[in-house]
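All remarks here apply to the structure that follows.
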2 protein chains.
Amino acid sequence: MTNHIPISQRLHDRLGNLISATPPGERLPSEPELARDLGVSRATLREAMRIFETQGLIRRRQGAGTYVLSPSHVIESGLEVLESIETLAERIGLKVAVRDLKLENRLATEEEANALQVSLDTKVVHLARVIHAGDRAVAYLIDIVPEDMLDPGELDENFSGSVLDIFIRRGSPALISSRCDINAVTATPDVARPLGIQRGDVLLCFEAFLYDTAGNVVDYSFSYFLPGVFRFHVVRKVGT
Amino acid sequence: MTNHIPISQRLHDRLGNLISATPPGERLPSEPELARDLGVSRATLREAMRIFETQGLIRRRQGAGTYVLSPSHVIESGLEVLESIETLAERIGLKVAVRDLKLENRLATEEEANALQVSLDTKVVHLARVIHAGDRAVAYLIDIVPEDMLDPGELDENFSGSVLDIFIRRGSPALISSRCDINAVTATPDVARPLGIQRGDVLLCFEAFLYDTAGNVVDYSFSYFLPGVFRFHVVRKVGT
DNA sequence: CACTTTTTGTTTGTCAGACAATTGACAGCC
DNA sequence: GGCTGTCAATTGTCTGACAAACAAAAAGTG
């Protein structure tokens with residue numbers, strides 16, 4: 001058991017650290033120098049740099065060098081990278097608590113079966129909980145997951161409240177990406193009650209489909225956020 | 001004048017065409033074969049493929065090959081690529097009209113000067129307009145641009161209503177990306193009146209900073225959308 | 001026959017070294 | 001000063017090679 005971490009991944013991490021540690025506008029070391037320092041070939045290094053260039057973090061100019069762009073472009077806490085609310089909160093140093101966790105095993109509704117691409121007689125786990133920051137409820141999260149995706153034991157103790165974190169921790173199913181529809185909604189009674197707000201209050205709503213590598217939807221979720229607590233942003237690249 | 005298009009850009013276009021022409025789940029030709037067909041080296045090809053892999057369009061697996069992912073993951077009308085509302089509407093075949101265009105030249109407010117990273121005595125153009133689809137007002141857009149970025153003549157006829165489209169059409173300033181903060185808000189009287197809605201109605205709000213290659217903010221904008229007309233989504237990649 | 005193990009060819013991952021194209025700075029000239 | 005050519009530094013691209021991982025066929029085993 002060599003616990004083999006691919007070179008490209010280690011390289012991606014270290015290069016990311018280097019870039020974020022470099023002041024905006026500064027030039028990175030030259031490619032031959034960097035490759036030598038990081039112990040990889042120039043071709044491998046260039047592929048890793050291409051990732052950050054695609055994300056708009058650096059800019060390479062033939063003859064001039066590679067420059068770190070302004071930090072305003074950094075995706076940092078942007079929506080491009082999928083992470084659970086719990087992970088996000090921890091990363092920005094916000095203390096959150098999960099309350100009113102409600103679990104329900106039942107048959108999928110028509111809407112849920114359609115979203116999960118399963119038949120109507122499929123059993124699903126319906127998981128709802130409220131996220132508190134300080135003494136305020138700030139988010140209401142609902143996950144619908146096919147029953148065979150979750151062991152009941154996984155939802156007992158040590159459960160952070162995030163289905164996504166469970167999947168990531170155990171490495172199965174192999175996740176790729178999530179499609180997240182963004183909307184502004186008024187709170188329905190279902191949502192207003194657990195959040196302790198008035199029916200009709202405004203909420204930011206994410207409707208998300210989590211895909212594994214085979215293209216299956218392994219999690220269908222709704223996330224309702226009180227405006228102003230979390231700041232979500234996305235970096236939009238200008239099309240060529 | 002050879003109109004020299006860099007190999008990497010031509011390659012990016014052709015590879016993108018190939019990927020979009022390949023059914024999801026299908027395998028692409030092997031790298032040596034593709035490189036030969038496209039007339040580039042494998043190293044160059046791999047850098048181009050890394051772009052599409054970063055964007056979640058393909059997946060490369062050592063020993064197995066490179067596969068085109070499901071179309072559900074495609075950014076399609078996602079937020080990853082910046083385009084004007086007018087361009088977006090045209091692309092999806094929606095007929096929209098610009099009404100109540102209001103232009104104002106004045107000094108920047110403190111908030112605007114801060115957002116645009118200019119001094120308080122800078123003159124800015126304040127541009128507001130309402131987007132109609134059918135007979136309904138569906139969006140209210142505000143741009144604040146430093147005065148020296150826009151010629152008055154550019155805002156006369158043939159003006160689609162989009163500052164972004166002006167910048168893109170004339171190729172100056174050289175744009176990179178936009179940072180877009182996402183929020184749900186209740187309509188203030190300022191916004192409710194032009195949209196013809198009640199004060200307190202719910203709106204989806206984008207606050208965006210448009211950056212050029214030098215890192216300057218060249219456009220500061222607010223976009224208010226009636227929920228349900230436009231569907232915005234974002235593809236979130238699972239972090240490693 | 002059914003099942004497991006081994007082999008083998010294919011494919012991506014990584015490497016080393018080389019040359020071309022572009023940039024930016026500097027010296028020299030008018 | 002302003003222009004021009006030179007030159008070193010840097011990224012862009014190419015070639016060829018080997019390693020690692022996968023998938024399917026082949027061989028072994030009960």
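We name chains A, B, ... by the order of the sequence lines, and we start the count at 1 in each one.
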In whole Å, what is the span from the CZ atom of Arg27(B) to the P atom of dA24(D)?
10 Å
Under 4.0 angstrom, heavy atoms only, what part of the nucleic acid is Arg59(B) near: base, sugar-phosphate, or nothing?
nothing
Separation of Arg46(A) atom CZ from dA16(C) atom C1', in whole Å?
15 Å
Given dT13(D), dC15(C), dA19(D), identify the nucleotide with an atom nearest to the side chain of Ser8(B).
dT13(D)
May I ask you to decide if the ring planes of Phe222(A) and Tyr220(A) are parallel, tilted or perpendicular, using 30° and 60° as cut-offs?
perpendicular
Is Glu33(B) paired with Arg36(B) through a side-chain N to carboxylate O contact shorter than 4.0 Å?
no
Here the distance between atom P of dG13(C) and atom CD of Gln9(A), to the nearest Å, is 13 Å
Would you kindly compare Pro29(B) and Leu45(A) by the position of their nearest DNA chain C nucleotide and give the one closer to the 5′ end?
Pro29(B)
Over how many whole Å does the gap from Leu38(A) atom CG to dC15(C) atom C1' extend?
15 Å
Quickly work out the Arg50(A) CZ to dG12(D) C1' distance and round it to whole Å.
10 Å
Any N or O donor-acceptor pair linking the side chain of Arg42(B) to the base of dG16(D) at under 3.5 Å?
no
Verdict with supporting geometry, Gln117(A) and Asn216(A), side-chain hydrogen bond (donor to acceptor under 3.5 Å, both in side chains):
CA-CA 8 Å; Gln117(A) 301 167 5; Asn216(A) 303 313; over 6 Å; no
Report, as yes or no, whether the 6.0 Å neighbourhood of atom CD on Glu110(A) holds more than 12 heavy atoms from other residues, nucleotides or ligands.
no
Are OP1 or OP2 of dG13(C) and a side-chain N or O of Arg60(B) less than 4.0 angstrom apart?
yes
Counting the atoms with a prime plus P, OP1 and OP2 as sugar-phosphate, which does Arg61(B) contact under 4.0 Å by heavy atoms, base, sugar-phosphate, or nothing?
sugar-phosphate
Tell me whether Arg179(A) contacts the main-chain N or O of Phe209(A) through its side chain, where contact means a donor paired with an acceptor under 3.5 Å.
no
Starting at the 5' end of DNA chain C, which residue's closest nucleotide do you reach first, Ala64(A) or Ser41(A)?
Ser41(A)
dT12(C) OP1/OP2 closer than 4.0 Å to side-chain N/O of Thr66(B)
yes
Tell me whether the OP1 or OP2 atom of dG13(C) has a side-chain N or O from Thr44(A) closer than 4.0 Å.
no
Atom CD of Gln62(B) to atom P of dA19(D): distance rounded to whole Å?
13 Å
Length of the line joining Leu11(A):CG and dG13(C):P, which is rounded to integer Å:
14 Å
Distance, rounded to the nearest Å, where Glu53(B) contributes CD and dT12(C) contributes P:
11 Å
Residue Glu31(A), side-chain heavy atoms: nucleotide from dT12(C), dC15(C), dG12(D) that is nearest
dG12(D)
